[in-house]
Structures are given as C-alpha cells and as structure tokens.
Amino acid sequence: MTPQRQLAQPLSSPADLAAGQLLTSETAERMAEEFASAARLAARSIAAATGPTTGPRPEALRARLDAVDLRTPLGSTAAALAEATELYLRDAVYFHHPRYAAHLNCPVALPAIAAEALVTTVNTSMDTWDQSAGATLIEQRLIDWAAGMAGLGPEADGVFTSGGTASNLQALLLARNTAVAGATGSLPERLAGLRIYASADSHFSISTSASLLGLGAEAVVAIECDALHRMDVSALRHSLEKDRAAGLRAMAIVATAGTTDFGSIDPLGSVGSLASEHGAWFHVDAAYGCGLLASARHRGMLAGIEAADSVTVDFHKSFFQPIGSSAILVRNRAALALVSHHAEYLNPAAEVGRTPNQVDKSLATTRRFDALKLWVTLRALGTEAIGQMFDSVMDLAAAAAAMVHAHPELELTAEVQLSTVVFRYVPPGPEPATDTATEPLANAIRTALYDSGAAMVAATTVDGVRHLKLTLLNPNTTHGDVAGILDAVVSHGRAICQMRTGMAAA
C-alpha cells in the first residue's frame with residue numbers, strides 16, 4: 001500500500017500571523033520600536049560613511065545576494081534588518097556625502113525624512129477623497145503654491161507624480177489630446193503629421209513619451225543649441241516654418257529649464273511666443289531648474305515660464321526632498337479633464353464635483369502621499385531657506401568652474417549656469433595620450449575615482465568626446481571638497497596616462 005501523505009501543519013494560523021505581523025492598534029508601539037531600530041541602523045551607516053561609495057562591483061554584490069535563500073525566513077525584523085545592513089547599507093551610494101558629485105541626487109531635508117514615517121505608516125492612497133481626506137487638500141495646496149510661484153495664474157492646477165519622466169509624459173499626453181480634439185478618424189490617423197520640438201539637449205523622456213503616445217520618437221524634432229547649450233530660437237523658428245510648409249503640425253514645443261548636463265535654460269519667453277504663434281502646447285521641463293522658483297536671487301532666470309501650458313517640477317532634485325516627489329502643473333485646470341477616466345467603483349462620472357478626487361487628474365490610480373514630506377519641510381523651514389540652499393550650490397558650481405579654468409590640466413567645456421560643471425582632464429605634452437580604442441580617458445578616471453571610494457563624478461558625451469561632470473546639489477559641500485575631487489581627478493588622470501604611455505612603449 002502507498003503510505004498516506006501527511007499534510008504539513010502550519011507553524012501558526014493565518015489569524016495568529018496577522019495579529020503579530022500587521023500594523024494594528026495593538027502593534028503600533030512595536031511599529032515605533034522597529035522604525036527606531038531601522039532609523040538607528042541608517043544613522044550609524046550614514047555617520048560611518050567615509051566616502052560616497054565603497055566602490056562595489058556588481059559581481060561581488062550579486063554573489064552575496066545569490067547566497068540568500070528567500071524561502072527560509074530569518075524569524076525577526078531585527079535579523080532581517082541586520083542582513084539588509086550587510087547587503088544594502090554597507091555598500092549603498094550615499095548622496096549626503098560632500099564628495100558625491102555624480103548625478104542629480106540631493107541630500108534630503110530632515111523634516112521630509114520624519115514625514116516619510118507618517119506616509120509609510122498610514123499608507124494613504126491618493127486616488128479618491130474617501131481614501132485620502134486631508135491628504136488631498138494638502139497636495140492641492142502645494143500644487144497651488146508651486147503654480148503660484150511659477151506665475152501660472154488663477155486657473156492653474158496639477159498633480160503630484162513619481163518623477164520628471166512621468167510628469168513629462170502626462171504633459172505631452174495633454175498636448176496630444178488637445179491637438180487631436182475635434183479631429184475625425186482613428187487615433188493613428190489623427191496623429192499623422194504631428195511634431196514635438198525640443199532642444200538637442202532635452203531630456204530623453206521627451207522621445208520616450210512620443211513613442212509611448214503613438215507618435216514615435218521620429219516625431220521629436222531636435223533643435224540645435226547655442227554655445228551655452230540652450231535651444232537656438234532662430235533654428236526653432238526655421239524648423240517650425242519648414243515643417244508647416246510641408247503640411248506638418250506643431251503639437252508641442254518643449255523648453256528645458258535646467259538641462260541634465262549643463263543646467264541650460266532655454267529662452268523661455270521667445271520659445272513660448274513661437275508656441276503661441278504656431279498653436280502648439282508650450283511645456284517647460286523644469287525638473288532640475290525648479291529650485292530657481294524659491295530663489296530670491298535667481299528667480300529671474302525663469303522669466304517666461306508663466307506662459308507655459310504645463311510645467312514639470314522635481315522637488316526631489318532642487319527642493320531637497322526624498323525620491324519621489326515631482327509634479328505636473330498646468331495653466332488651465334480644464335486641460336486635466338483630457339486624462340480623466342471614470343470608474344463606477346471609484347470615481348463615477350455622476351459624482352464629479354461632489355468631492356475632490358485626485359485620480360481625476362492623474363495617470364496613476366494608487367499613489368503615495370508624497371506631498372506630505374514637502375509640506376512638512378516647508379512648514380518647518382520655509383521656502384526662503386530652500387531657495388538659499390539652492391543658491392549656495394549654484395555659487396559652489398561657479399567656484400568649481402573657476403578652479404577648473406585655473407588648472408593647467410583641466411579644461412572647462414561650457415559656462416556654468418546652474419550647479420553642474422562639465423570639463424575634461426587634458427594631460428600636458430605636445431601629443432597627450434588620452435583615449436584608447438576601448439576606453440576614453442574620462443571613463444577610466446571616473447572608474448578609478450569610484451573604485452577608490454573617495455568621490456563620485458559623472459561622465460557625459462559632448463560632440464562625440466567623453467567629458468567629466470560635477471553635479472553639485474549638496475549645500476554642505478565646501479570649496480575644499482571640490483578642490484579635493486578635482487585633485488583626485490588630476491592624480492588619477494596622470495597615473496592612467498603614465499600607465500598607457502608605458503604600455504604603448506612596451
């Protein structure tokens with residue numbers, strides 16, 4: 001006879017598991033203790049960091065993670081957090097470190113971190129009033145505040161998103177739906193001949209959005225830039241007129257207020273005028289440059305933004321907020337109806353106007369209450385303090401550019417506009433050994449700096465040549481920190497060139 005198979009007995013009932021592991025009024029104090037334990041681990045790791053990175057390699061970290069058996073639990077939060085410390089915190093990239101100067105990542109404001117505990121714990125979903133109540137009104141007040149700073153007028157509105165890419169996508173969706181409204185035929189037929197104009201240095205999300213919206217990346221017309229990497233208005237005008245003569249139609253013109261590499265701000269007033277002349281949606285991607293809105297000293301750099309039909313702002317870049325905290329702002333709230341969808345179980349059309357439902361404005365349904373961290377930061381510190389911190393990183397970038405310009409082995413690529421500095425290491429000598437067939441010198445220097453753990457910088461390509469880039473978003477970074485990073489760049493550059501020269505001679 002075949003032995004009867006015994007059924008495995010659960011270690012505990014589902015009710016027992018839920019009672020002990022889910023957040024309830026009975027486990028609230030335990031939740032606070034475990035939050036505190038996690039916060040202490042993070043605090044110790046941040047305090048102990050001697051550089052922005054330990055220089056880990058993917059293969060080394062992957063081997064440690066592959067050794068974890070996810071089918072066998074550790075039995076307690078404390079044990080799981082201890083493991084996470086080894087697998088994550090020990091080799092995390094620390095944006096707070098004053099020698100982190102790679103990407104557009106900022107150190108975060110303490111009030112925002114505190115607010116994140118409330119957001120995660122209560123776990124509010126921002127789709128409808130009956131799930132969010134006061135959270136809806138807080139988000140709306142912040143949208144009104146941001147739109148007011150941008151000068152978008154009394155009919156402005158908007159909604160928080162996960163980041164600049166999502167905000168740009170929604171802006172171009174509004175532009176598309178505006179352009180095809182009232183036209184006949186299928187959507188692909190109505191999209192034929194529509195064009196989006198953006199500078200050659202605009203964010204890649206513009207092309208990605210065009211693909212997602214059914215126009216294809218080829219519908220994006222890249223407009224050449226001037227010496228400061230700003231959109232050339234004459235070139236834009238020429239492209240618009242040429243395309244109109246060919247029967248093409250300008251759906252949207254995207255001006256960038258703070259390009260990723262150079263912090264360049266397109267001439268917003270002139271670009272906006274051309275958008276109006278050609279009946280195009282005028283979008284300003286201010287994901288990086290939105291910090292200027294809070295600056296008493298530099299607010300004028302955004303002159304012309306008030307004419308935008310939509311604006312992208314990323315608070316997790318230049319307002320010192322944790323990821324993700326972005327928003328799309330629109331000059332006319334009626335435009336948001338172009339993306340509204342009404343579901344009978346959620347926000348039925350028959351109940352529109354009775355209560356404010358943020359899902360009516362959003363491409364997302366379930367959405368975190370990411371506005372609270374900005375609200376708490378502003379209530380604790382004020383807008384002026386945020387503006388002063390952004391001013392300080394702009395001042396630091398100007399000082400860094402002067403250091404680069406003064407060094408005989410460094411070459412500044414373009415004038416600094418916000419807080420990024422693009423430059424090259426150029427070794428001395430009549431025929432300097434720089435790039436190899438397999439690795440440009442800039443990449444080799446960046447990798448050597450990363451491996452050392454002492455500092456992190458970025459790299460980018462300008463006119464087919466690799467360059468190094470400092471992205472300065474930390475008000476606590478000093479002139480001495482910047483000088484140390486540049487000294488390390490030169491030191492590694494010299495060592496790499498000497499090695500390559502020796503190998504070539506051998």
Side-chain angles (χ1 to χ4, degrees), residues 104 143 145-153 155-161 163-176 178-179 196-207 209-210 220-223 225 228-233 236 240 250-260 262-295 298-315 317-319 326-333 335-336 390 417-418:
L104 282 168
I143 290 293
W145 161 81
M149 288 198 300
L152 296 182
E155 295 303 312
D157 202 350
V159 71
F160 270 64
T161 72
T165 295
S167 293
N168 285 341
L169 173 62
Q170 182 161 348
L172 291 176
L173 174 59
L174 294 174
R176 187 200 73 175
T178 298
I196 300 169
Y197 301 82
S199 87
D201 282 10
S202 64
H203 195 261
F204 69 85
S205 61
I206 305 304
S207 291
S209 296
V220 179
V221 180
I223 304 300
C225 297
L228 292 178
H229 294 265
R230 302 172 303 188
M231 185 189 292
D232 186 306
V233 176
L236 173 62
L240 286 165
M251 182 190 97
I253 301 177
V254 179
T256 306
T259 58
T260 304
F262 293 96
S264 304
I265 298 175
D266 293 336
L268 304 181
S270 300
V271 175
S273 294
L274 281 173
S276 178
E277 179 183 331
H278 286 263
W281 184 277
F282 179 34
H283 175 61
V284 176
D285 178 4
Y288 176 12
C290 64
L292 296 169
L293 293 172
S295 168
H298 299 108
R299 170 65 180 77
M301 294 173 68
L302 292 179
I305 197 172
E306 63 278 359
D309 292 297
S310 57
V311 177
T312 287
V313 289
D314 263 14
F315 303 115
K317 286 186 173 66
S318 46
F319 278 74
S326 180
I328 175 177
L329 311 174
V330 296
R331 187 154 50 90
N332 184 351
R333 62 170 52 93
L336 291 170
F390 194 63
Q417 296 168 77
L418 288 181

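Residue numbers run from 1 in the order of the sequence given. This structure is a prediction, so every number in the text was calculated from the model and none was measured.
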Working note: Asp285 + His203, criterion side-chain hydrogen bond (donor to acceptor under 3.5 Å, both in side chains); need CA distance, chi angles, decisive distance, verdict.
CA-CA 8 Å; Asp285 178 4; His203 195 261; 5.2 Å; no
Could you check Ile196 against Ile206 for side chain to side chain contact (heavy atoms under 4.5 Å, CB included), going step by step and ending with a plain yes or no?
CA-CA 9 Å; Ile196 300 169; Ile206 305 304; 4.1 Å; yes
Heavy-atom closest contact (Gly258 atom, Leu418 atom, distance):
CA-CD1, 3.7 Å
Quick check: does any side chain N or O of Ser310 sit under 3.5 Å from a backbone N or O of Val330, one acting as donor and the other as acceptor?
no
Closest approach of Leu174 to Thr178 (non-hydrogen atoms, all atoms of both residues)
O-OG1, 2.8 Å
Stepwise side chain to side chain contact (heavy atoms under 4.5 Å, CB included) test for Arg299 and Leu293:
CA-CA 5 Å; Arg299 170 65 180 77; Leu293 293 172; 3.9 Å; yes
Show the nearest heavy-atom pair for residues Ile253 and Leu274, with the distance to one decimal.
CD1-C, 4.2 Å
How long is the straight-line distance from OG of Ser167 back to CG of Leu329, given to the nearest 0.5 Å?
8.0 Å
Do Val254 and Val220 pass the side chain to side chain contact (heavy atoms under 4.5 Å, CB included) test, and can you show the C-alpha distance, the side-chain angles, and the key distance before you say yes or no?
CA-CA 10 Å; Val254 179; Val220 179; over 6 Å; no
Interatomic spacing from CD in Gln417 to CZ in Arg230 - rounded to 0.5 Å
6.5 Å
Could you state the interatomic distance from CD1 (Ile143) to CZ (Arg333), rounded to the nearest 0.5 Å?
11.5 Å
If you look at every heavy atom in Tyr288 and Phe390, which pair is closest and at what distance?
O-CZ, 4.1 Å
Roughly how far, to the nearest 0.5 Å, is the OG atom of Ser276 from the CZ atom of Phe282?
10.5 Å
Please round to the nearest 0.5 Å and tell me the distance separating atom OG1 of Thr260 and atom NZ of Lys317.
7.0 Å
Please confirm whether the backbone N or O of Ala156 pairs with a side-chain atom of Arg331, one donor and one acceptor, at under 3.5 Å?
no
Identified side chain to side chain donor-acceptor pair (under 3.5 Å) partner of Asn168 from the options Ser202, Ser326, Ser205:
Ser205
Would you say the side chain of Leu336 lies within less than 4.5 Å of the side chain of Gln170, judging by non-hydrogen atoms?
yes
Met231 vs Thr256, side chain to side chain contact (heavy atoms under 4.5 Å, CB included): CA-CA, chis, key distance, verdict:
CA-CA 8 Å; Met231 185 189 292; Thr256 306; over 6 Å; no
Evaluate the ring planes of Phe319 and Trp145, with Trp represented by its six-membered ring, and classify them as parallel (under 30°), tilted (30 to 60°) or perpendicular (over 60°).
perpendicular
So, for Leu228 and Ser264, which heavy atoms are closest and what is the spacing to 0.1 Å?
O-OG, 2.7 Å
Can you measure from CD1 (Ile265) to CE (Met301) and round to the nearest 0.5 angstrom?
4.0 Å
Nearest non-hydrogen partners of Asp309 and Ala280, listed with the distance:
OD2-O, 4.0 Å
